[in-house]
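Let me begin by presenting the structure, written as structure tokens, before commenting on it.
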Amino acid sequence: MVEHQRRPGWAEVEEFLSQTLVHGGPGMAAVIESIDAAGMPRIEVAPTAGKLLMLLARISGARRVLEIGTLAGFSTIWLARGMPDGGHVTTCEFLPEHASVARRNIDAAGFGPMVDIRVGAALDTLVTLDGGEPYDFVFIDADKANNVEYLKWALRLTRPGAVIVMDNVVWEGAILDPVSDPDAGAIRAALEFMGASPALDATAIQTAGSKGWDGFAIAVVR
Ligand code: SAM
């Protein structure tokens, strides 16, 4: 009888990809340690996704980034790493305790002057940004219930050609069974909004790895 070896799984492949390609450096490992040390939830993006955010910001030539959902600043730092000199990141975080961990991490990573953390409900913060210089890149990764509203604000606060990335759009497939989970319903509504909006050209990519089965949507503002 032939013995079959167990094939590696998503998480092992992701670890290989992270080790081989991401090169986050000790600063990024310290951010993850700060999340554990503060007893915060491990809901930051995977390192491969963080680096993707950096690359997308760089590829799109973004100089002004808006992030909704800071946690400990892991994705914020990746985004800041994609900015040119003079770039700016505004990041919105509801919980002051998350914001203060993020502040320490962002300062320690050397991006303090570039990053403005706005504490409070993002919908309250976004109103205050109206009428300012438009953003080039928006990353939506906070409470899923408000995703459609965040997309509407993203459209209002950006210029044509801006990029919008929305995380967690597959939710372990629950978007196809939204009655069982209100967040899944809100995520699905946001995808439908993106697909129907004449102001957006969008797609979504499913992902599997350390964060389970999920995905992100990406859109460009027409
Ligand atoms: N983008 C982060 C990263 O990848 O490192 C992870 C963000 S985490 C998934 C979501 C964050 O959004 C949490 O820190 C949570 O406190 C925050 N949040 C939840 N509801 C919010 C709201 N209404 N306004 C602003 N932030 C909110």
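Everything numeric here is computed off the predicted structure, so don't read it as measured data. Atom set for the values below is all heavy atoms of this structure, side chains included, hydrogens, waters and symmetry mates excluded. Both counts, for ligands and for their atoms, begin at 1 and track the order of listing.
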Fill in the blank from the handout: shortest atom 9 (C) of ligand 1-to-protein heavy-atom contact is with Ile43 O, 3.3 Å
Practice task
Check each of Arg42, Glu14, Glu15 against Ser210 using the side chain to side chain donor-acceptor pair (under 3.5 Å) test, and report the only one that passes.
Solution key: Glu14
Completion exercise
for atom 24 (N) of ligand 1, nearest protein heavy atom and its distance come out as Ala122 N, 2.9 Å
Exercise for the section: Please could you name the atoms of ligand 1 that Leu95 approaches to less than 4.0 Å, counting only its heavy atoms? Expected result: 16 (O)
Completion exercise
Taking every heavy atom of Ala99 against every heavy atom of Val119, the minimum-distance pair comes out as CB-CG2, 3.5 Å
Exercise for the section: Only one of Ile140, Val148, Asp141 passes side chain to side chain contact (heavy atoms under 4.5 Å, CB included) with Lys144; say which it is. Expected result: Asp141
Exercise for the section: Give yes or no for whether the N/O distance cutoff of 3.5 Å, strictly under, is met between Gly69 and ligand 1. Expected result: yes
Handout entry: Distance filter under 4.0 Å to Val45 heavy atoms, resulting ligand 1 atoms
Key = 3 (C), 4 (O)
Exercise for the section: Just need the protein heavy atom nearest to atom 16 (O) of ligand 1, so name the residue and atom and give the distance. Expected result: Glu93 OE2, 2.6 Å
Exercise for the section: Any atoms of ligand 1 less than 4.0 Å from a non-hydrogen atom of Ala121? List them with their elements. Expected result: 24 (N)
Problem - Numbered atoms of ligand 1 (with element) below 4.0 Å of Ser75, judged on heavy atoms - result: 1 (N), 2 (C), 3 (C), 4 (O), 5 (O)
Handout entry: Tyr150 touching ligand 1 at heavy-atom level, < 4.0 angstrom
Key = yes
Problem - Phe139, any N or O under 3.5 Å of ligand 1 N or O - result: no
Handout entry: Smallest separation among heavy atoms of Leu126 and Leu157, with atom names
Key = CD2-CD1, 3.9 Å
Handout entry: Contact summary for Ala122 and Cys92, nearest pair of heavy atoms
Key = CB-CB, 4.0 Å
Fill in the blank from the handout: Per-atom filter on ligand 1: closer than 4.0 angstrom to a heavy atom of Glu44 are 3 (C), 4 (O), 5 (O)
Handout entry: Donor-acceptor pair between Thr90 and Asp116 side chains, under 3.5 angstrom
Key = no
Practice task
For atom 6 (C) of ligand 1, find the nearest protein heavy atom and state the residue, atom name and distance (0.1 Å precision).
Solution key: Asp141 OD2, 3.3 Å
Exercise for the section: Please identify which atoms of ligand 1 are closer than 4.0 Å to at least one heavy atom of Gly120. Expected result: 24 (N), 25 (C)
Problem - salt bridge (charged side-chain N to carboxylate O under 4.0 Å, His left out) between Glu172 and Lys211, intermediate numbers included - result: CA-CA 10 Å; Glu172 301 277 347; Lys211 305 288 174 180; over 6 Å; no
Handout entry: Phe94 CZ: over 12 foreign heavy atoms closer than 6.0 Å
Key = no
Handout entry: Glu67 CD to Tyr135 OH distance, which is reported to the nearest 0.5 Å
Key = 11.5 Å
Exercise for the section: Give yes or no for whether the N/O distance cutoff of 3.5 Å, strictly under, is met between Asn146 and ligand 1. Expected result: no
Handout entry: Region of Thr125 that comes within reach of ligand 1 [heavy atoms, distance under 4.0 Å]
Key = neither
Practice task
Please answer whether the main-chain N or O of Gly112 pairs with a side-chain N or O of Arg103 as donor and acceptor at a distance below 3.5 Å.
Solution key: yes
Practice task
Could you tell me whether Phe94 and ligand 1 have an N or O pair separated by under 3.5 Å?
Solution key: yes
Problem - Pro47 and its side chain to side chain contact (heavy atoms under 4.5 Å, CB included) partner, picked from Leu21, Val22, Leu17 - result: Val22
Handout entry: Closest protein heavy atom (residue, atom, distance) for atom 22 (C) of ligand 1
Key = Asp143 OD1, 3.5 Å
